[in-house]
Structures are given as C-alpha cells and as structure tokens.
Enquirer: 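One structure is given below, represented as structure tokens, and several questions about it will come after.
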Amino acid sequence: MQLYSSNYSNLWIRLKEKKLLLIALFTIVTLSILAIIGPYLTPFTYSEQILTLKNKPPGYDFYLKYNKNNNGTINIIEVSEEPIENAAGFKVEKRIFLFGSDALGRDLFTRIWYGARISLSIGLATAFIVFIIGSIYGGLSGYYGGWIDEVMMRIVEVLNSIPFLLYVILLMLIFEPGLKTILFAIGGVYWLPMARMIRGQVITLKEQDYVLAALSLGASSWRILFKHILPNSLGPILVYTTLTIPEAIFTEAWLSFLGMGVSVPIASWGSLINDGIEGMRSYPWQLFFPSFLITITMLAFNIIGDSLRDAFDPRFKRK
Amino acid sequence: MPQKKPSILFLITLIVIGLFIIGCNKSSVDEKKIQQITYNLGTEPETLDPATATGRIEATVQMALFEGLTRLDENNKPVPGIAKDWKVNKEGTNYIFCLRDAKWTNGDLVTAYDFEYAWKRLLNPDTGANYAYQLWFLKNGEEYTKGKVSADEVGVKALDEKTLEVELKVATPHFLSLTAFPSLYPVNKNIVESNPNWHTKPETFVGNGPFKLVQWEHNQQIVLAKNPTYWANEDVKLDKLIMTMIGEQNTELTMFETNQIDIAEDPPLSEIRRLLDEGTASLHPEISTYFYSFNTDNPVLGDKNVRRALSMAIDRQSLIDNIAQASQKPALAFVPYGIPGKGKDFREEGGNYFEENVEKARELLALAGYPNGEDFPVLELLCVARGNHQRIAEAIQEMWLKNLNIRVKITNQEWKVYLQSLIEGNYQIAIAVWGTDYIDALSFMDVFISDGSNNVANWSNKEYDRLIEIAQTNDDPKARIEAMHDAEKILIDEMPIMPIYFFTNVNMYKPWVKGVIVPVIGGFQEFRWAYISK
C-alpha cells in the first residue's frame, strides 16, 4: 500500500510542473464559473427576443422601454439607440449586447453561457455514466472471466457494431429529441471502450500478489474487485473519463448541428454554431463565439487528459 | 531525420496549392461564349416520368425536356405548344386540339395517340399516380381511376394523328393552363411500352421539349443540351443547361458568388436582406400560403375560440420584416394573391377576414376557459429543422408566451417523418405550406373539404362542403367564385388553420442570364426562352 500512496503524492508534483496543464485547468474552472453565473450577468434571458434588434454586432448598446407581464416576460414598448423618456408604469434601461445578438434578436452572451451549462453538463454527465457503467461492467467481465467474460464481451461487440448515427436517429424517433435522449444516446455508446479497457486492466491486475493475499485472507470477490483491483486501475480510468468529456461535448454539438439536439429555444454550443453558420458571411460573430469556446474547452480537456496520462504512467511521457 | 520533415510538409503544401490553382483556373477558363447556364436544382429529382413525378424539382427538369399541348409564357398565359391551335365549344366542355409537326428526340412524330396514351396512363389505377386527380376534370376521369369505368370511356380521344378531342365534365376555365402542367405531358407510346425504365437513363430517354437529356450523374448533376428535333429549335438560344444538385444553402451561395453557378434559389435566411439590398437577389411571387394547421381532433384545439385566439395573437408583419425578410404578404385569409376572381384578383375581392388583436385574443382565450392562459396545456408544435420554419416557429412560440401566456414545445422532425405525422393526424399544431397546381382558387379551397386527403386539420363543416361542391360543379364562373368567397369566410371564421404569410421566392440570377421565366406554379425556372448576353 505504501507504493500506492507514494505513487499518488508524486502525481501532484508531476502535474504541478506542467504550465500548460495549469492553464487548461484554469480555463475549465473559469468556463464552469461563467456557465453558472454568466446568464445572470445580463438583464436578458436566453429566450427573450427583440426581433427588431436582430443580428447586431458585439458591443451594440441601446435603450429599451418596457413593462413586465405577470409571467415574467416583458412587453417591449420602444427600442432606440437614443435615450428614451420614461413614463409611469414602464421601465427604461440601457442595455448592451456584449457578444452581439442572433437572428431573432436574442442576446448571444446570455445564450452562450446558457449553452455552456448544457454542453458542460452533458460532458460531465456522460463522463459519470461512462465511469459507472464502464467500470462495473468491465470489472465484472474481467474478474470472473470464462464464459461470463465471453458473453459480456460479445454483447459489447454487438453494441459497438451499430452505427452511432443510425442508432441516434432511431432513438430520436422513439423518444422526443432533447437533453435526456442525448444523454441516453451518448452514454449508451461511450461506455463500451471504457468497459473493454477496464476488463483488460482487471485481467492483468487479478494475477497480482496482493489479490492472492486478499483471497487467502478470505476477502469476497466483490471486495477484491472494488477495494483492490479497481482503485489500482484508477489511472487509466481517470484518463479515459477525462477524455470522454470533450468527446461528448463535441458529439452533442454535432447532433445539435444536425438538428437532433436540444429542443429550441434552449441553446447548446452545437445549436448556437448551427444557427451561426447560416450567417457566417454577414454576421461572423454568431459563429465565432460558440466555436471559439467549444474549441478551447475541448483543447483544455484534452490537455488535462493527456497530462493525467503522462503523470499516471511515466512510460508514456513524451521526451 | 528531423530536418527532413518540414521539407516534405513544404512539398505537400506546394502540391495542394498547385492543385488548388489548377482547379481554380479550370472554372475560370470555361468559355462563356457558348450559350450555357448552370442552375442549382438543389437535389436529385425522384423520377422524370411525367405520370409519377410530383414535385417542383421534377417539374423544373421536365419543363425543359418535354412540351405539353400548351406552354405557359411569362404572364402565365397558355401559348401554343405541341398544339398548333384549338377549338372550344360554347359550353366550354369540349376541346379539339390540332397538333403541329413535332418530333420526339428519337425521330418519331409526336401524335395525338401519344397524348391519349399518356393521359390514360396517368389516370390508370395501376400507375398509382399521385397526380391522377389532375385529369379528373375529364369526363369519366375520376371514375376510371377509381375502377368504375374502362379506359375507353374516358373523355380523351385521338381522332387521327394530328387531332385530339377532349371532353370535360364541366366547363373548367383553367383547363388550358393545366395542359402545360408536367403531369399532362405526352410520352412516346412505343418507347414506354417496350422499356418501362426508359426515363431513368439519358441513352433511353425520349422527350419532345426544347432540351434533351445528355448526362445524369446521380446526386451530382444533370446536363441538358439543345434538342435539334424540337419544333422551334431555332428559337431556343441556349446550347447547354447544367443542373447541379447542391443542397447546402451556404455552399450554393458561395458557388453563386464565385460564378460557378448562374442561377441559385433560396439563399440562407441571414443573407437574404444583404442580397436583396445589393440587388443580387430578386423577389418573385409564388402562389402559395404558409400556415399552421391545428389538429381539431385535439380537445383543446377543437375549441374554435382557442384557435382564433392563437391566430390573432401573433404579429405577422414583424415575422416577415425580421425573419422571412422577402417582402411576403401577411396572410389574414387563405387564398393568396395572383388568382383571378370575379373580375379582379380573388384576394383583393375577398380582403382580410380577421385582424391581429392581442386584447381580443386574450378575451377569446378567457371565453374558452383559460383566462390569462392559466391551466392551458403545453401544446406541441411540429416543425422541420430547416432555417425558415425553425426561426418562425421560435418567434411564434415567444409571441404566444408573451401575449397569451401559453407555452408550446417545438418538436423537430425529419421532412418525410413530418409528412407522415401530418397525414396520420399525429400532431397538435404543425407547420404547413400549400401551393397550387393550377391557377384557380379551388386548388386552395378544396383542400379542407370533410374527407379531403390533404385536410390535415381533420376539420369538417357541412356548409363549407356544400359551397365547395358548388364551386366544383357549377358552370357559372361568377357563382363558383361567389361560393368560394363564402367558403373562405367560413374557413377563416372557424380557423382550423392559422394563415401566416403568402410566399415569395428569392432567386438570384447572374446579370448575363436573360429570358428565364419564373412560373408561379409548376416548376422553379422555365428555360425555354433563356439566353446568355455578356
């Protein structure tokens, strides 16, 4: 056990040396914070439309005269670039589209951070699903071996052979397109390689002396698997899980891009890119902001994943 | 070794750049002196057989490849096509067409027998043609399709090689325009009988139109060339017509802007304003209506007050100005502009049948038992994930929420799945478009008769059915139109559908493209009189 813990204390030292990793971590943390507080930083909601102010460039400011409906939506009375005089029962505010507005006059800044919530939570939720299903399935398959392993792995292979897009389209026909279906679709596929990898790990680890020792002390299979074998393969599991996050975000993005993603007016980065690509010539910011964010998010997660792998397994370290 | 890598990379870059330059050159070297137009059709036609084709994509290609008894000119008036002239009896129910010396691309003469054969083929229940009803104006036409009478009793007969006699059920004013419609094109009897797949390959394809089929690369392009056997081939100026099949709107626009295609339609929504302002794109009226269909079988939407409330609570002009952006006209009735009525335009005679009024809409909603939108269930709005539809749906969703405090959920379906849901009545509110096949208000009004196959709202009204029957069978044009005005009033009062706007097409032509006609019905572009002038 001594070896085990010293391995992990070295890990932090090895990780700290990498500036790139720190930048990546900082990026992810910043993005997550903005995803949480971002939509509250503006007076807009993600679905509020000011049709007359569509496709405005970043930094566009204007005055808005409105009153509130009792369901929280607002009635726009007047919109102007010049200050407007107020009247009783109305409110006048100066507002600004930090990142510009989209084709329906919605604030892109608000939508992007709202979309960040959706995209990041899809990434994290998928990673979690993959982590749980993958380790249990792969662990059991590898540990018990024999015909159980044989059957379980054949099932994985069969599932793996179904083309992803086809399966997603079928799912969308059965269930309603939306967040749950996307999670179900992505989670339902991404655990497969995870299970295989863990099975491989377990098969090697179960021949180790400490497993034999635990066995001779009378530990149950369950205890051996979850207390001894899986914690020792945590390294690869963690690496794989981290790398699943950007992949899931990207998969959601292209599902949304194909129109099979979250239902409107909810935004995800993918659907924002899809909306933005149409106006790519005249209103490039609508495409730029979500694309830029999705790019740095994927880059950051990939750097973290790579660094984790280097740290866990020095053999992989690049010279 | 490490030093070698960059040089290989450099070489690859050079090659790629080189290829790129060569590729660019090729298109710019293209001789523009020959009369050639490249037009983006957008997608692959399903079939070019006049009997079974239905869409506008197919019609566009067929219009170039075939010619019917008549052809529509730029004013949408029928001008002589294969028919040299024709006689009509006083009642308007009997037509004698006199055919000219026209040839098929294989050299055969286009005869009246070919027309008789083609029309009976369209009506034949074995053909299973969706557009068979186009010929139900013929005496015994409908009966033949429904298997009640034999082919011999149908009111079309070739008296000799050059004379075709047509008998109609009742006087049908738009019949002559209809003979220009692709479903009614002739086919070469010998060819069709000897090879059922004659229309699938350029080698076996036989047409009689201004152009002939030269090449058909599936999902790539269709190449047409001037047809030397066409009766007026001296009058056809275009040598070559290329129809590409680029579905992506942005790619299409890029290709148009880099002169790879000369005619493009339907640019991306975000670019429409700019293209219209620049003068690159132009607007062309189209006789069709954009509307939302309410499924009246739904308990909530079964209430007329709810339907009216929903319909009155949206701002159509704002949708047009800010989203659709192609100067469409707000629809406060169902039949679009451009259809003749008693003397003037049908729409202008009828006027608007309701007004947008949020206050009134709220009252109606309260009357239906949902004051201030309380307890109103979340309805589902069925949409297809394509630019225009999606954005308008989102804007309407927001308008209903703001004005009526009603929430709807937008569900996207793939086009074919959506059509299926619509036909099965498996929806609550759905987007819908209705265009016309012939210029008569009836083509809009007969959609919503009780058992109409396109009555997707599942709406039924006896008085409406009665009025439409008058319009279908009455010989007096005035009485017909009057009945349809009354029927439309009922339709809009009951509001099984929520009209949104009347369409326009946004087309882009290179300045050197001349003489292309945009038909208001049928296909997208008519190339018979087209030419290039640089």
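In what follows, chains are A, B, ... by sequence order, proteins preceding strands, each numbered from 1. As the structure is a prediction and not an experimental result, all values here were calculated from the model.
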Enquirer: Determine the minimum heavy-atom distance between A/Q49 and B/A395, stating which atoms define it.
Expert: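 What the structure gives for the nearest pair is OE1-CA, 3.3 Å.
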Enquirer: Within residues 271-282 of chain B, which residues come under 4.5 Å of chain A, heavy atom to heavy atom?
Expert: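 Counting heavy atoms that sit under 4.5 Å from chain A, the residues of residues 271-282 of chain B involved are B/E271, B/R274.
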Enquirer: Assess whether atom NZ of B/K360 is packed by more than 12 heavy atoms of other residues, nucleotides or ligands within 6.0 Å.
Expert: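 No - once you tally the heavy atoms of other residues, nucleotides and ligands closer than 6.0 Å, there are 12 at most.
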Enquirer: Can you confirm whether A/L51 sits close enough to B/M399 that some side-chain heavy atom of one is under 4.5 Å from a side-chain heavy atom of the other?
Expert: yes
Enquirer: Is it the case that atom OH in A/Y167 sees more than 12 heavy atoms from other parts of the structure closer than 6.0 Å?
Expert: yes
Enquirer: Could you tell me which residues in residues 318-327 of chain B have at least one non-hydrogen atom under 4.5 Å from a non-hydrogen atom of chain A, sorted by residue number?
Expert: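 So the qualifying residues are B/S318, B/D321, B/N322, B/I323, B/Q325.
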Enquirer: Looking at B/E46, I'd like to know if its CD atom is crowded, meaning that more than 12 non-hydrogen atoms belonging to other residues, nucleotides or ligands lie closer than 6.0 Å.
Expert: no
Enquirer: Side chain of B/E394, backbone of A/S47: donor and acceptor closer than 3.5 Å?
Expert: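 Such a contact is absent between B/E394 side chain and A/S47 backbone.
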Enquirer: Using a 6.0 Å cut-off, check whether atom OH of A/Y60 has over 12 heavy atoms from anything other than its own residue.
Expert: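 Counting other residues, nucleotides and ligands, OH of A/Y60 exceeds 12 neighbours.
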Enquirer: For B/Q397, which atoms come within 4.5 Å of any heavy atom of chain A: side chain, backbone, both, or neither?
Expert: side chain
Enquirer: Hey, could you give me the CG/NZ distance between B/L269 and A/K54, rounded to the nearest 0.5 Å?
Expert: 10.0 Å
Enquirer: Please classify the contact of B/E248 with chain A as side chain, backbone, both or neither, using a heavy-atom distance under 4.5 Å.
Expert: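 Interface part for B/E248: neither.
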Enquirer: Just how far is it from atom OG of B/S270 to atom CG of A/D102, taken to the nearest 0.5 Å?
Expert: 9.5 Å
Enquirer: Hey, are A/R106 and B/E398 close enough for a salt bridge, meaning a charged N less than 4.0 Å from a carboxylate O?
Expert: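 Salt bridge flag = no for B/E398 with A/R106.
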Enquirer: Step by step, would you call B/Q390 with A/D275 a side-chain contact (heavy atoms from CB on, under 4.5 Å)?
Expert: CA-CA 10 Å; B/Q390 177 85 32; A/D275 288 348; 5.9 Å; no
Enquirer: Around atom NZ of B/K329, are there more than 12 heavy atoms from other residues, nucleotides or ligands closer than 6.0 Å?
Expert: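 No, NZ of B/K329 has 12 or fewer neighbouring heavy atoms, counting only those of other groups under 6.0 Å.
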Enquirer: Tell me whether the count of non-hydrogen atoms from other residues, nucleotides or ligands lying under 6.0 Å of CD in B/E424 goes above 12.
Expert: yes
Enquirer: Can you tell which part of A/I76 gets under 4.5 Å to a heavy atom of chain B, answering side chain, backbone, both or neither?
Expert: side chain
Enquirer: Does A/Y66 OH have over 12 foreign heavy atoms under 6.0 Å away?
Expert: yes
Enquirer: Can you say whether B/E374 sits under 4.5 Å from chain A via the side chain, the backbone, both, or neither, judging by heavy atoms?
Expert: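 Nothing of B/E374, per the 4.5 Å heavy-atom cut-off to chain A.
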